[in-house]
Participant: 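Sending over a structure as structure tokens; questions will come in a sec.
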Amino acid sequence: MPFLGQDWRSPGWRWIKTEDGWKRCDSFSPELEDESSQLNNISHTVILADDDDDDDEEIYRTEDCEFAAKKRKKDHFRNKSKSQCFYREKWIYVHKESTRERHGYCTLGEAFNRLDFSSAIQDIRRFNYVVKLLQLIAKSQLTSLSGAAQKNYFNILDKIVRKVLEDQHNPRLIKDLLQDLSSTLCILIRGVGKSVLVGNINIWICRLETILTWEQQLKNLQMNKQVNNGLTLSDLPLHMLNNILYRFSDGWDIITLGQVTPTLYMLSEDRQLWKKLCQYHFAEKQFCRHLILSEKGHIDWKLMYFALQKCYPIKEQYGDTLHFCRHCSILFWKDYHLALLFKDTGHPCTANDPDTCFMPVSPQHFIDLFKF
């Protein structure tokens, strides 16, 4: 477990830099401090008198009052902590072994809790990245999360579903995520006693019911038709529409766009388009193992793409990802606006040339960082 003693090397306190110097960041709010002071002013003994019998008096000792105060403070803190994560940090130090200065190591659950994924889903560049990470955790790493991390996981998932239902963007990604998560939970609930599930079984059954409700809401989602009297997608020339289709890296996005108009459907069935998509994601050796010919004897690149997708991983593209500094062993979100304006690296890096030490972290690499 982490070292939280009073030694100078202790990482137990959090400090913030102010104009007057460094000050320790308290874990409780000022309201709790006021309540704590009020509770501490309670007299050391409390006498409860009964109207029927004055001799039946119960005297509470000082320890009982302190215990009651601590319990009230703890309950108050739990009621106030409705946020989906306990930290809003942009970076964390990834340590895999204990040292004299640091005891313990960073786990997947701790990294998931401390990094600010709640704000990341509000950024359109990071949304797909977070969804893919949640999907990988749902498939194989859900039981490795701590209880707090699992609660945080479902709170972030709730935010994602609400966002999709409001702005109606990327519903297909969330449907795939919920389907994988419900399948995993069904297996874990059936094998209760054989697998590790943190918390009461009724909590997991309630979570599974919530997931099924989300799936039904996404299934009944009706796309609102936007009334626009200006230029629309159908008004663009054919070469521009074709250029848009060639920018897609996901075959399902091409099929979805092809369902909008007959013209886009015709362009989405272009053999050259699917050939380029196959060449982007897969190697030529993989083509030879899964050749699919059409009735006319030509290679059906569209069917080949989906056949190869089942056998080999496709290249992933994200607008923004987490980054890992090889010099500092720090995992962080990179703020490009601050990097351009103030040359901010996103974390306190001590390297002479920080940019050469950064490497993007894919969702699978994020999970692999915490495998010991």
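Each residue takes its place number in the sequence, starting with 1.
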Participant: I'd like to know if the side chain of Y280 pairs up with that of Q317 as donor and acceptor (distance under 3.5 Å, no hydrogens or angles considered).
Facilitator: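 Yes, because at least one side-chain N or O of Y280 sits under 3.5 Å from a partner of the opposite role on Q317.
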
Participant: Nearest 0.5 Å, please: how far is CZ in F112 from CD in Q150?
Facilitator: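 Answer for the CD-CZ pair, Q150 versus F112, is 10.5 Å.
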
Participant: Would C328 and Y93 count as a side-chain contact (heavy atoms from CB on, under 4.5 Å) here? Give the steps.
Facilitator: CA-CA 8 Å; C328 307; Y93 177 74; 5.9 Å; no

Participant: Identify the heavy atoms of S182 and I211 that sit nearest to each other, and give their distance.
Facilitator: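 Reported closest heavy-atom pair: CB-CG2, 4.0 Å.
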
Participant: When you check the side-chain N and O atoms of S118 and K159, is any donor under 3.5 Å from an acceptor?
Facilitator: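 A donor-acceptor contact under 3.5 Å links the two side chains.
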
Participant: Return the CG to CE distance between L322 and M359, rounded to the nearest 0.5 Å.
Facilitator: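 Result: 11.5 Å between the selected atoms.
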
Participant: Only one of R126, K132, R125 passes side chain to side chain contact (heavy atoms under 4.5 Å, CB included) with Y318; say which it is.
Facilitator: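 The single option meeting the side chain to side chain contact (heavy atoms under 4.5 Å, CB included) with Y318 is K132.
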
Participant: State, to 0.1 Å, how close A111 and F370 come at their nearest heavy-atom pair, and which atoms those are.
Facilitator: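 Closest approach of A111 to F370: CB-CZ, 3.3 Å.
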
Participant: Given side chains that start at C-beta, do those of S249 and K315 come closer than 4.5 Å, heavy atoms only?
Facilitator: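 They are not in contact (no side-chain heavy atoms under 4.5 Å apart), so the answer is no.
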
Participant: What is the distance from atom CG of L212 to atom CH2 of W214, rounded to the nearest 0.5 Å?
Facilitator: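 Reported value, rounded in 0.5 Å steps: 11.0 Å.
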
Participant: Show me the donor-acceptor pairs within less than 3.5 Å that the side chains of residues 201-210 make with the rest of the protein, sequence neighbours left out.
Facilitator:
unit_1 : atom_1 : unit_2 : atom_2 : d
N202   : ND2    : N200   : OD1    : 3.2
W204   : NE1    : V198   : O      : 2.9
T210   : OG1    : C206   : O      : 2.9

Participant: Carefully, step by step, assess D123 and V130 under the rule side-chain contact (heavy atoms from CB on, under 4.5 Å).
Facilitator: CA-CA 10 Å; D123 191 335; V130 177; over 6 Å; no

Participant: Show me the donor-acceptor pairs within less than 3.5 Å that the side chains of residues 301-310 make with the rest of the protein, sequence neighbours left out.
Facilitator:
unit_1 : atom_1 : unit_2 : atom_2 : d
K302   : NZ     : E269   : OE2    : 2.8
Y305   : OH     : G251   : N      : 3.2

Participant: Under 4.5 Å between any side-chain heavy atoms of W91 and W333, yes or no?
Facilitator: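 In short, these two side chains do not touch, never coming nearer than 4.5 Å.
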
Participant: Which atom pair, heavy atoms only, marks the closest approach of C325 to C349?
Facilitator: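 The answer is SG-SG, 3.8 Å.
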
Participant: I want to check something: taking the side chain as every heavy atom from C-beta on, are T321 and V361 in contact at a cut-off of under 4.5 Å?
Facilitator: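 With C-beta onward as the side chain, the pair stays apart.
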
Participant: Any chance you could lay out the salt bridge (charged side-chain N to carboxylate O under 4.0 Å, His left out) test for K275 and D270, step after step, and finish with the verdict?
Facilitator: CA-CA 9 Å; K275 180 180 179 180; D270 183 20; over 6 Å; no

Participant: Nearest 0.5 angstrom please: N242 CG to L264 CG, how far?
Facilitator: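 Taking CG in N242 and CG in L264, the distance rounds to 10.0 Å.
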
Participant: Under a 3.5 Å distance rule, please check whether Q216 uses its side chain to pair with a backbone N or O of T213 as donor and acceptor.
Facilitator: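 Side chain of Q216 to backbone of T213, a donor-acceptor pair under 3.5 Å: no, none is there.
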
Participant: Using every non-hydrogen atom in the two residues, find where P363 and E316 come nearest and quote the distance to one decimal.
Facilitator: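 Nearest heavy atoms, P363 then E316: CD-OE1, 3.6 Å.
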
Participant: Hey, are the side chains of V131 and N128 touching, using non-hydrogen atoms and a 4.5 Å cut-off?
Facilitator: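 No; the side chains remain at least 4.5 Å from each other.
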
Participant: Mind checking the CZ-CG spacing from F117 to L133? Nearest 0.5 Å is all I need.
Facilitator: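 That separation rounds to 5.0 Å.
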
Participant: Are L157 and L221 co-members of a hydrophobic cluster defined by side-chain heavy atoms under 4.5 Å apart?
Facilitator: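 Result: yes, single cluster for both.
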
Participant: List the steps, then state whether side-chain contact (heavy atoms from CB on, under 4.5 Å) holds for L134 with Y129.
Facilitator: CA-CA 9 Å; L134 293 181; Y129 179 85; over 6 Å; no

Participant: Would you say that Y246 contacts Q272 through its side chain, given a criterion of any heavy-atom pair below 4.5 Å between the two side chains?
Facilitator: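 Yes. Closest side-chain heavy atoms under 4.5 Å.
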
Participant: Quick one: does L257's side chain get under 4.5 Å of L267's, heavy atoms only?
Facilitator: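 No, their side chains stay 4.5 Å or more apart.
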
Participant: Return the minimal non-hydrogen interatomic distance between H327 and C357, and the atom names on each side.
Facilitator: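 The pair with the smallest heavy-atom distance is CB-SG, 3.7 Å.
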
Participant: Report the C-alpha separation of Q279 and E284 in whole Å, then their side-chain angles, then the decisive distance to 0.1 Å, and conclude whether the side-chain contact (heavy atoms from CB on, under 4.5 Å) test is met.
Facilitator: CA-CA 7 Å; Q279 291 176 345; E284 292 185 3; 6.0 Å; no

Participant: Tell me the closest heavy-atom pair linking L142 and L181, and the distance in Å.
Facilitator: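 Closest approach of L142 to L181, heavy atoms only: CD2-CD1, 3.9 Å.
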
Participant: For S144 and Q141, test the side chains for any donor-to-acceptor distance below 3.5 angstrom and give the result as yes or no.
Facilitator: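 Note: S144 and Q141 side chains meet the donor-acceptor criterion.
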
Participant: Side-chain polar contacts of residues 234-241 - donor-acceptor pairs under 3.5 angstrom, sequence neighbours left out - could you list them?
Facilitator:
unit_1 : atom_1 : unit_2 : atom_2 : d
D235   : OD2    : T232   : N      : 3.1
D235   : OD2    : T232   : OG1    : 3.0

Participant: Between Y265 and W274, is there shared hydrophobic-cluster membership here, with clusters defined by ILVMFWY side-chain heavy atoms closer than 4.5 Å?
Facilitator: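 Result: no, two separate clusters.
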
Participant: Could you check whether any side-chain N or O of Q217 sits under 3.5 Å from a backbone N or O of V161, counting only pairs where one atom can act as donor and the other as acceptor?
Facilitator: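 Pair absent, no side-chain N/O of Q217 close to backbone of V161.
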
Participant: With rounding to the nearest 0.5 angstrom, report the CG to OG1 distance, N113 to T107.
Facilitator: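 If I round to the nearest 0.5 Å, the distance is 8.0 Å.
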
Participant: State, with a plain yes or no, whether a side-chain heavy atom of I292 is found less than 4.5 Å away from one of I299.
Facilitator: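 In short, these two side chains do not touch, never coming nearer than 4.5 Å.
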
Participant: So, D116 and S119: side-chain donor and acceptor under 3.5 Å apart, yes or no?
Facilitator: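 Yes, a side-chain donor-acceptor pair sits under 3.5 Å.
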
Participant: Would you say the side chain of L277 lies within less than 4.5 Å of the side chain of D250, judging by non-hydrogen atoms?
Facilitator: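 Side chain of D250 against side chain of L277, heavy atoms only: no contact under 4.5 Å found.
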
Participant: Starting from V164, can I reach I124 by hopping between I/L/V/M/F/W/Y residues whose side chains sit under 4.5 Å apart?
Facilitator: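 No, no single cluster joins them.
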
Participant: On the six-membered ring of F358, is K334 placed so that its NZ or CZ lies under 6.0 angstrom from the centre and within 45° of the ring axis?
Facilitator: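 The answer is no, since K334 fails at least one limit relative to F358.
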
Participant: Should we say atom CZ of R326 is surrounded by more than 12 heavy atoms from elsewhere, each under 6.0 Å from it?
Facilitator: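 Yes, the 6.0 Å shell around CZ holds more than 12 heavy atoms from other groups.
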
Participant: Answer yes or no: does atom CG of N220 have more than 12 heavy-atom neighbours from other residues, nucleotides or ligands under 6.0 Å?
Facilitator: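 It does: N220 CG has more than 12 such atoms within range.
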
